[in-house]
Amino acid sequence: TIFVGKGFRNQVHERIYLLTGHIILNEYGRNYADESASLRVTPELLSELNGIKGIAEIRQVVQSGGIIKTDSDFSAVLVMGVSSRDAYLHTSGVLRGGHIPHFDGSDTLHNPILLPLECAEKLHLTVGDKVPIYFTGARTTVRTFTIAGIVDLPHIEAPIVVAPIGVMRHVAHIDEDKVTRLELFVQPKVDHLALSDRLVEQLSKSPNTGGQSLGMYTAESLMPDIFAWIEMLDANISLLLVLMLIVASFTLITGLLILILDRTQMIGLLKALGARYGSIRSLFLYLAAFVVGKGLLWGNLIAFALAGVQYFFSPIQLDPATYYLSYVPIEFDIPWVLGINLLVFALSMISLLLPTRIITRIRAVDTIRFNQ
């Protein structure tokens, strides 16, 4: 539960941020996905943004809708021209084949792109294939691209193809200093929501915006339904763990009662020999601790084995249109595993204290008479 739950949470978060960045700047009054939006990016603005503590990467984006057409099929896509590949390199499990190009014009391939796995499977395309993309703007434009890599990206409105920003500027017929939007990626463990508040305050007083009115979004404000779904998933995981713990506690209590009742004669004999209640209870608690420890050991071994198979081979697949991922993600979190094991062991032993009080009702004389 922990491996899959944390894997889902982190992988969906990373992939959503990979598409939008943590913080988005665009032309004020324009929709986030508005292809006609034109934000002028000056060296002064970039310098100021790079100087803000907590920002790890600034990605310039030029976006346009298009259609990939092959001899047998076609697919509507959203082509996103980017200026940096760093975010794709730092997100694990995204690349499913090929490599991630630089997107800065230094690649050896002609117009390299990252093609989403969904399109590659539908259109039967692979790394190295050349594909034409028809851009449907004010006038239809056709460009030929080479598939450098196949990536597993979420399907939100349409499959997203990642291309060099220079090519997309030519397609959109905009100047070299203009973009559709800027996407800001923050450093690990930095609260990007708090950082966005500081950005609003700083940029509202800055002379480096070139007189432009900037609009600001966060990934959470653009796609609240996805993040609400993830929060609901966390609540379901907590509920599942509680239910599993309750069932396990009742099972342990029942097992201990059976052990005690099965050893009634032994308990009576020990009492007849002068053994105290505390020592007899400790004996059964030690036995219960051994059973719990053995169960935890085998449970952990089985969990790690199953999670390892899914982590390395991904036999359980998902519909990315529904779950935003094409497979069940696994994330190993050793501190959580140790914490859950210690918590289960402690609560199990606490829950066994009450049933051991049945030992006080067992009288030596009755068990000895019963034995006769």
Residues that Phe3 engages under ring pair (Phe, Tyr, Trp, His ring centres under 6.0 Å), provided they are two or more places apart: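 If we apply the ring pair (Phe, Tyr, Trp, His ring centres under 6.0 Å) test to Phe3, skipping adjacent residues, the hits are Phe304, Phe332.
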
Can you name the ring pair (Phe, Tyr, Trp, His ring centres under 6.0 Å) partners of Trp229, sequence neighbours left out?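 By the ring pair (Phe, Tyr, Trp, His ring centres under 6.0 Å) rule, Trp229 matches Tyr324.
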
Taking [Y]'s backbone N and O only, do any of them form a donor-acceptor pair with [X]'s side chain (distance below 3.5 Å, no angle check)?
X      : Y      : answer
Arg59  : Glu183 : no
Ser221 : Tyr217 : no
Gln212 : Leu39  : no
Glu331 : Asn10  : no
Asp177 : Thr42  : no
Arg9   : Leu233 : no
Thr146 : His110 : yes
Thr218 : Leu193 : no
Thr180 : Gln63  : yes
Gln11  : Leu325 : no

Cluster overlap [X] with [Y], hydrophobic side-chain contacts below 4.5 Å:
X      : Y      : value
Leu125 : Leu109 : no
Met349 : Leu297 : no
Tyr327 : Leu153 : no
Leu239 : Ile246 : no
Met232 : Val12  : yes

Below 4.5 Å, heavy atoms only, C-beta onward: do [X] and [Y] meet side chain to side chain?
X      : Y      : result
Leu241 : Ile2   : yes
Thr70  : His124 : no
Leu306 : Ile302 : yes
Arg143 : Pro132 : no
Val4   : Phe8   : yes
Arg169 : Ile174 : yes

Can you establish whether the number of heavy atoms outside Asp71 located under 6.0 Å from its atom CG is more than 12?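 Open.
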
Does a sphere of radius 6.0 Å around CZ in Phe227 hold more than 12 heavy atoms from other residues, nucleotides or ligands, not counting ones at 6.0 Å or beyond?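 More than 12 within 6.0 Å, yes.
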
Supply the atom-to-atom distance [X] [atom1] to [Y] [atom2], rounded to the nearest 0.5 angstrom.
X      : Y      : atom1 : atom2 : value
Arg198 : Leu203 : CZ    : CG    : 11.5 Å
Ile113 : Ile68  : CD1   : CD1   : 5.5 Å
Lys205 : Glu201 : NZ    : CD    : 4.5 Å

What verdict does the side-chain contact (heavy atoms from CB on, under 4.5 Å) test give for Arg181 and Met80, after you've listed the backbone C-alpha separation in whole Å, the side-chain angles of each residue and the deciding distance to 0.1 Å? CA-CA 11 Å; Arg181 61 182 179 270; Met80 192 169 71; 3.4 Å; yes

According to side-chain contact (heavy atoms from CB on, under 4.5 Å), who are the partners of Phe74, at least two apart in sequence or on a separate chain?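 So Phe74 forms a side-chain contact (heavy atoms from CB on, under 4.5 Å) with Ile67, Lys69.
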
Residue that, paired with Ile165, satisfies side-chain contact (heavy atoms from CB on, under 4.5 Å) out of Val82, Val61, Val179: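 Exactly one option meets the side-chain contact (heavy atoms from CB on, under 4.5 Å) with Ile165, and it is Val179.
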
Taking the six-membered ring for Trp and the full ring for Phe, Tyr or His, determine whether the centres of Phe185 and His192 are under 6.0 Å apart.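 They do not qualify: ring centres at least 6.0 Å apart.
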
